[in-house]
Amino acid sequence: MADTAQLNIRIPVSIKSKAQDKAEKIGTNLNFLIKMFLSKFIMQNDIVTFQQDIHTDKIFDQWTKEYFMSKESKKTTQQINKHLEQIVKNGK
């Protein structure tokens, strides 16, 4: 058996409960997650990692939907379709 040490930490009960529930849902436990965190922590040079909470894909999707459903876009699309039909018709 590998050398091990016991780690006692104090965290708010609500965080522990939520983390434990989430860990169980993905088929693991807090012990494994803490070992994984500490292993990753000692391998990384940076302590802070920035994560973007804004879902730009959803914002972009909403913008594209609004744009392509606009009267201007429909008119432009119709013009492009007419040009494409002419190109196909003329064989160019």
Side-chain angles (χ1 to χ4, degrees):
M1 182 177 201
D3 289 338
T4 61
Q6 185 171 340
L7 176 66
N8 294 313
I9 58 172
R10 292 191 174 276
I11 58 172
V13 173
S14 62
I15 292 175
K16 185 227 178 230
S17 297
K18 289 177 184 177
Q20 193 167 13
D21 289 344
K22 187 171 182 176
E24 287 174 3
K25 286 179 184 174
I26 62 171
T28 190
N29 57 46
L30 292 181
N31 185 47
F32 174 77
L33 293 175
I34 291 169
K35 285 191 278 187
M36 187 172 64
F37 170 79
L38 292 175
S39 297
K40 184 145 178 97
F41 176 74
I42 61 174
M43 291 187 306
Q44 299 294 323
N45 293 328
D46 299 327
I47 295 175
V48 178
T49 301
F50 292 98
Q51 181 176 350
Q52 186 174 355
D53 290 336
I54 299 171
H55 300 287
T56 53
D57 56 333
K58 290 182 181 176
I59 294 170
F60 180 77
D61 288 348
Q62 182 62 33
W63 175 84
T64 53
K65 287 176 189 173
E66 289 173 5
Y67 175 77
F68 286 113
M69 296 306 289
S70 71
K71 288 181 182 179
E72 292 177 41
S73 177
K74 288 179 182 180
K75 184 179 176 184
T76 303
T77 303
Q78 288 172 349
Q79 291 173 344
I80 291 170
N81 286 341
K82 285 180 185 178
H83 288 298
L84 290 173
E85 285 175 13
Q86 287 296 322
I87 291 170
V88 170
K89 191 177 194 179
N90 295 332
K92 295 181 182 180

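It should be emphasised that the depicted structure is a prediction, and the values quoted were computed from it without experimental measurement. Numbers here simply count residues along the sequence, with the first being 1.
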Find the distance between NZ (K74) and CD (Q78) and round it off to the nearest 0.5 Å. 9.0 Å
Donor on one side chain, acceptor on other, Q20 and K16, under 3.5 Å: yes
How would you list, by chain and number, every residue that makes a side chain to side chain contact (heavy atoms under 4.5 Å, CB included) with I42, sequence neighbours excluded? none
How long is the straight-line distance from CD1 of I80 back to CD of E85, given to the nearest 0.5 Å? 12.5 Å
Examine I34 and I26 and state if one hydrophobic cluster contains both, with Ile, Leu, Val, Met, Phe, Trp and Tyr joined whenever side-chain heavy atoms are less than 4.5 Å apart. no
Can you tell me how far apart NZ (K25) and CG (D21) are? Round to the nearest 0.5 Å. 6.5 Å
Counting only heavy atoms not in E72, do more than 12 fall under 6.0 Å of its CD? no
Residues clustering with V13 (ILVMFWY side chains joined when closer than 4.5 Å, directly or via others): none
To which residues is L30 joined in a hydrophobic cluster, defined by side-chain heavy-atom contacts under 4.5 Å among Ile, Leu, Val, Met, Phe, Trp and Tyr, whether direct or through other members? F32, L33, M36
